[in-house]
Amino acid sequence: NFLAGSQAISNSAEFGAESDYNFLGNIIKCKIEGSDGDVTLNTVSGWATATVKLVDGKLIETITHNESGTSMKNVWERA
């Protein structure tokens with residue numbers, strides 16, 4: 001679990017599968033690829049790609065809108 005302000009957010013899925021991913025309270029259906037600590041989430045609709053990495057005990061989450069190239073990055077502390 002990681003803290004988003006005062007809200008705890010938890011995501012789980014199997015690699016190679018589709019799953020719902022909670023991104024700042026928004027549920028996005030994604031295909032999960034990669035390995036522990038270095039995950040790529042491709043939205044089923046194709047509108048965005050997200051990466052999730054563990055770096056020095058922090059979760060670094062980046063989501064990029066595929067058409068515009070605009071990205072947003074979040075850094076989470078472990079709960």
Side-chain angles (χ1 to χ4, degrees):
N1 287 342
F2 287 85
L3 293 178
S6 61
Q7 178 184 9
I9 293 177
S10 179
N11 289 298
S12 64
E14 292 189 27
F15 291 107
E18 289 183 6
S19 182
D20 290 334
Y21 184 78
N22 184 335
F23 184 80
L24 297 174
N26 298 293
I27 306 301
I28 303 168
K29 183 160 295 289
C30 296
K31 178 154 186 187
I32 314 300
E33 299 173 346
S35 60
D36 277 348
D38 189 5
V39 179
T40 299
L41 309 163
N42 292 302
T43 58
V44 173
S45 66
W47 70 269
T49 301
T51 58
V52 181
K53 297 181 184 280
L54 289 174
V55 178
D56 297 327
K58 296 180 182 180
L59 184 109
I60 311 295
E61 180 182 59
T62 305
I63 190 165
T64 302
H65 182 256
N66 288 331
E67 287 183 23
S68 69
T70 302
S71 293
M72 183 169 81
K73 181 178 182 178
N74 297 301
V75 179
W76 306 100
E77 298 289 339
R78 187 173 296 275

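V52 and V44 are assigned to two separate hydrophobic clusters, defined by single-linkage of ILVMFWY side chains at heavy-atom distances under 4.5 Å. Residues V75 and V55 share a hydrophobic cluster, clusters being chains of Ile/Leu/Val/Met/Phe/Trp/Tyr side chains in contact below 4.5 Å.
Counting only heavy atoms from C-beta outward, the side chains of E14 and I32 never approach each other to under 4.5 Å. Side-chain atoms of W47 and H65, non-hydrogen and from C-beta on, do get closer than 4.5 Å to each other. L54 has its side chain within reach of L59: a pair of non-hydrogen atoms, C-beta onward, lies under 4.5 Å apart.
When all heavy atoms of A48 and I63 are compared, the closest pair comes out as CB-CG1, 4.0 Å. The minimum heavy-atom distance between E33 and F15, with the atom names listed, is C-CD2, 3.9 Å. Of all heavy-atom pairs spanning G46 and N66, the tightest one is O-ND2, 2.9 Å. Residues T62 and S71 come closest through the heavy atom pair CG2-CB, 4.3 Å. Considering all non-hydrogen atoms of both residues, W76 and N74 come closest at NE1-CB, 3.6 Å. Taking every heavy atom of both residues into account, S12 and S19 meet most closely at O-OG, 3.5 Å.
Not counting sequence neighbours, the partners of T70 by the side chain to side chain contact (heavy atoms under 4.5 Å, CB included) test are S68.
Expressed to the nearest 0.5 Å, how far CG of N11 lies from CG of D20 amounts to 9.0 Å. Taken to the nearest 0.5 Å, the CD atom of E18 stands 10.5 Å off from the OG1 atom of T43.
A donor-acceptor pair is defined here as one N or O able to donate and one able to accept, closer than 3.5 Å; no such pair exists between the side chain of N42 and the backbone of K31.
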